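Heads up, the thing below is written out as C-alpha cells.
By convention here, the first residue in the shown sequence is residue 1. Treat the numbers as computed from the prediction; the structure is a model and nothing was measured.
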Amino acid sequence: MGILDTAPPGAGDTTPLYRWLTDRQGRCNVFDAHLFACILARRWPAGPGALGLDEAALTQLLDKYFPDALVGSVPVADRSPTPLPPALQAEADDIASLLRAHRSLGIEEEEWLAAIIARAMLDSGELWRDLGLAGPSHLAALMERHFDPLARLNATGTRWKVFLYRFLCARDGLIPCGAPVCRDCGAEAVCFGAGD
C-alpha cells in the first residue's frame, strides 16, 4: 500500500466551502449531495489532483449536484493537478477498478466516488476523515449505498482502508498482513517493489 506522506488535504475548516456548495445545490439526491459536499469541501482546496477526478468529471459532478457553483467564482484556489508517481497511480487505478466492479446502482456517481475514494486511500489518515465525512458510520453508509457487494463482504466492520487493501492482496494471491498500513509492516518492498 502506497501512502503519500503529506498532511491531509483540506485539513482546515471545511464548513464555509460545504455551506457554499450546499447553497448552490440543485435538485438531486440529498444523501449524495451531502456526501459530495463533504468530500469536495475537504479535498478540493488541495487542488484537483487530490480529488482523483479529471476536469471533465469534476465539471459533470458540479453541474449535476451544485449547478450554481459553475456560475459564480469558486472559492477554491485554481491549482494545477500534480500527477501521482506511476506506482501510486497504478495503485489508485487498481482500487478504483475494484470499487467499480462492486457498484450497487451502476450510476455515474459511483464512477466519481470510485476515483475519489481510490485517491483518498493513498493519504495517510483514516479514510472517512480524508473524505471529509463525519465518522466511520458515514463512510459505511456511502459504501452500503454505492458499493453494497463490498459492504456485505465487510460484515465484520473492518476499517475500509484495511479491508480494501486486504481484499486486493487476497485477490492477487498475496498473504495479507495484519498491519493497518504498510509502513507498520516492513514488507512494503515485497508487495510494491523497492522504492527508488
key: Asp68 side chain reached by Asp23 side chain, heavy atoms, under 4.5 Å   = no

All salt bridge (Lys or Arg N to Asp or Glu O under 4.0 Å) counterparts of Asp148, not counting sequence neighbours = Arg152

remark   = Leu153 meets the side chain to side chain contact (heavy atoms under 4.5 Å, CB included) criterion, sequence neighbours left out, with Leu150, Phe163, Phe167

inquiry  = Could you work out, with salt bridge (Lys or Arg N to Asp or Glu O under 4.0 Å) as the rule, every residue matching Arg171, not counting sequence neighbours?
reply    = Asp94

query = Do we see a donor-acceptor contact under 3.5 Å between the side chains of Glu91 and Tyr165?
reply = yes

message = Taking Gly106's backbone N and O only, do any of them form a donor-acceptor pair with Glu110's side chain (distance below 3.5 Å, no angle check)?
response = yes

ask   = For the hydrophobic clusters of this structure (ILVMFWY residues joined by side-chain heavy atoms under 4.5 Å, transitively), does one cluster hold both Tyr18 and Leu113?
value = no

remark   = Nearest heavy-atom approach of Ala41 to Leu21 is N-CD1, 4.3 Å

key: Close side-chain approach of Leu133 to Leu127, heavy-atom, < 4.5 Å   = no

ask   = What's the spacing between Arg145 CZ and Phe31 CZ if we round to 0.5 Å?
value = 6.5 Å

inquiry  = Taking side chain to side chain donor-acceptor pair (under 3.5 Å) as the definition, give me every residue that meets it alongside Glu111, ordered by chain and number, with sequence neighbours left out.
reply    = Arg103

Close side-chain approach of Pro16 and Asp13, heavy atoms under 4.5 Å = yes

task = Could you pull out the closest heavy-atom pair between Ala118 and Ala96, with the gap in Å?
result = CB-N, 3.6 Å

request  = Decide whether Ser97 and Arg100 meet the rule of one side-chain donor and one side-chain acceptor closer than 3.5 Å.
outcome  = yes

request  = Determine the sole option in Arg27, Glu109, Gln60, His34 for which the side-chain hydrogen bond (donor to acceptor under 3.5 Å, both in side chains) test with Tyr65 is passed.
outcome  = Glu109

query = Is there a path of hydrophobic side-chain contacts, each under 4.5 Å between heavy atoms of I, L, V, M, F, W or Y residues, that connects Met143 with Leu105?
reply = no

note = To the nearest 0.5 Å, atom CG of Leu168 lies from atom CG of Leu98 at 5.0 Å

request  = Working to the nearest 0.5 Å, report the span between CH2 of Trp20 and CG of Leu40.
outcome  = 10.0 Å

key: Min side-chain heavy-atom separation Pro45-Leu17 under 4.5 Å   = yes

inquiry  = Under 4.0 Å between a side-chain nitrogen and a carboxylate oxygen: does that hold for Asp123 and Arg43?
reply    = yes

note = So CG of Leu61 and SG of Cys28: to nearest 0.5 Å the spacing works out to 9.5 Å

Shortest non-hydrogen contact between Trp112 and Lys64, atoms and distance = CH2-CD, 4.2 Å

task = Kindly give the heavy-atom pair with the smallest separation between Arg42 and Asp130, and that separation in Å.
result = CG-O, 3.6 Å

message = With a 4.5 Å cut-off on side-chain heavy-atom distances among I, L, V, M, F, W and Y, is there a chain of contacts connecting Leu62 to Ile107?
response = no

inquiry  = Nearest 0.5 Å, please: how far is CG in Leu58 from CG in Asp63?
reply    = 11.0 Å

request  = Please identify each residue that fulfils salt bridge (Lys or Arg N to Asp or Glu O under 4.0 Å) with Glu144, with sequence neighbours left out.
outcome  = none

message = How close do Pro149 and His102 get, counting heavy atoms only, and between which atoms?
response = CD-O, 3.2 Å

task = Start with the C-alpha distance between Phe36 and Phe66, add both sets of side-chain angles, then the distance that settles side chain to side chain contact (heavy atoms under 4.5 Å, CB included), and finish with yes or no.
result = CA-CA 9 Å; Phe36 284 121; Phe66 313 104; 4.0 Å; yes

ask   = Going through the checks in order, is the side chain to side chain contact (heavy atoms under 4.5 Å, CB included) test met by Asp32 and His146?
value = CA-CA 10 Å; Asp32 287 345; His146 290 292; 2.7 Å; yes

task = Give, for atom CG of Leu164 and atom CZ of Arg166, the distance between the pair rounded to the nearest 0.5 Å.
result = 11.5 Å

Lys161 versus Ala120, closest heavy-atom pair with distance = NZ-O, 4.4 Å

key: Pairs touching residues 49-61 that satisfy salt bridge (Lys or Arg N to Asp or Glu O under 4.0 Å), sequence neighbours left out   = none

